[in-house]
Amino acid sequence: MKKLFIIANWKSNKTEPEAKDWLQRFKIQDLRFKNKKVIVCSSFTLLHEMKSLITNYQLPITLGAQNISPFDGGSYTGEVSARQIKEFADYVIIGHSERKTYFNETDEMINRKIEMALKYDLIPILCVLDIGQMPNSKIIVAYEPLFAVGSGNPDTPENADNIALGIKKTIGEISVLYGGSVTSKNAKDFTQMPNIDGVLVGSASLDPLEFSKIIEVA
Ligand code: PGA
């Protein structure tokens with residue numbers, strides 16, 4: 001049985017009470033015997049409280065951040081460095097298409113962010129639009145075609161699987177996920193493909209019951 005990553009990307013959503021409510025309503029208690037790794041990528045402001053609640057409630061969830069500074073610590077107002085994130089999280093999303101669209105993130109910045117993550121032992125979840133240029137390092141890659149993100153119009157499992165295969169041929173045996181309009185209705189269609197190792201879920205991850213269902217069916 002292959003190892004599956006089921007990753008929630010909450011984007012700029014949820015306050016502390018809302019995050020607490022989500023964790024209380026999250027249904028999955030025990031994934032020890034299932035081959036599924038659940039990661040929730042929340043805003044920086046929630047990481048501290050999420051970490052303590054996940055421990056208190058003994059939830060099988062690992063934390064991730066959604067962005068990282070391209071610089072090491074220092075005089076970079078407003079940035080959060082890899083070393084700071086590592087206090088709370090083990091994963092970090094890098095290069096999401098929304099960061100390219102709204103914050104002009106370049107490939108050079110993305111490469112620096114990957115370097116920073118790896119320096120402080122954070123596992124990068126690198127979002128890509130197609131096969132293209134790939135860094136040759138220990139990362140997770142999420143194929144997220146632009147048309148599918150937030151649109152309710154996912155790619156076909158067959159095409160996503162082909163891209164995942166292409167990525168694996170380029171970088172080697174890494175985990176490749178699919179992201180873009182994943183719901184509990186289509187998650188299994190993607191995870192059952194031979195080259196897809198999980199899903200990155202945006203909107204559908206905001207509802208704890210829907211996200212729990214995605215984990216169950218995947
Ligand atoms: P979506 O977002 O599931 O809402 O399409 C996916 C993502 O942006 O990672």
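Atoms within a ligand are numbered from 1 in the order they appear, just like the ligands themselves.
- Distances below 4.0 Å separate heavy atoms of Val149 from the following atoms of ligand 1: 5 (O), 8 (O).
- Below 4.0 Å from some heavy atom of Ala148 lie the following atoms of ligand 1, by number and element: 5 (O).
- Listed by chain and residue number, Ser184 satisfy the side chain to side chain contact (heavy atoms under 4.5 Å, CB included) test with Lys213 (two or more places apart in sequence, or in another chain).
- The residues Glu216 and Lys27 are annotated as not salt-bridged, no charged nitrogen and carboxylate oxygen being separated by less than 4.0 angstrom.
- Atom 4 (O) of ligand 1 has its closest protein heavy atom at Ser203 OG, 2.5 Å.
- At under 3.5 Å, not a single nitrogen or oxygen of Glu98, backbone or side chain, sits near a nitrogen or oxygen of ligand 1.
- Within the 4.0 Å heavy-atom criterion, neither part of Ser205 lies near ligand 1.
- In this structure, CD1 on Ile85 lies 13.0 Å from CG on Asp121, to the nearest 0.5 angstrom.
- Using modelled atom types and a 3.5 Å distance limit, the side chains of Thr62 and Lys37 yield a donor-acceptor pair.
- With ligand atoms numbered from 1 in the order given, ligand 1 contributes 5 (O) to contacts under 4.0 Å with heavy atoms of Gly180.
- Interface atoms of ligand 1 facing Gly202, defined by a heavy-atom separation under 4.0 Å, are 1 (P), 2 (O), 3 (O), 4 (O), 6 (C).
- Checking Ile214, Ile7, Leu206, Asn9 one by one against Val201, the side chain to side chain contact (heavy atoms under 4.5 Å, CB included) holds for a single residue, Ile214.
- Within ligand 1, counting atoms from 1 as listed, the ones closer than 4.0 Å to a heavy atom of His96 are 7 (C), 8 (O), 9 (O).
- Note on residues 144-158: pairs passing side chain to side chain donor-acceptor pair (under 3.5 Å), not counting sequence neighbours, are His96-Glu144, Tyr143-Asp155, Asp155-Asn159.
- A heavy-atom distance below 4.5 Å is not found between the side chains of Met50 and Lys14.
- At a 4.0 Å cut-off, at least one heavy atom of Ser181 sits close enough to ligand 1 to count as contact.
- In this structure, atom 9 (O) of ligand 1 lies nearest to the protein heavy atom Glu144 OE2, 2.7 Å.
- Considering backbone and side-chain N/O of Gly150, one or more are found under 3.5 Å from N/O of ligand 1.
- Between the side chains of Asp72 and Tyr120, a donor-acceptor pair is found at a separation under 3.5 Å.
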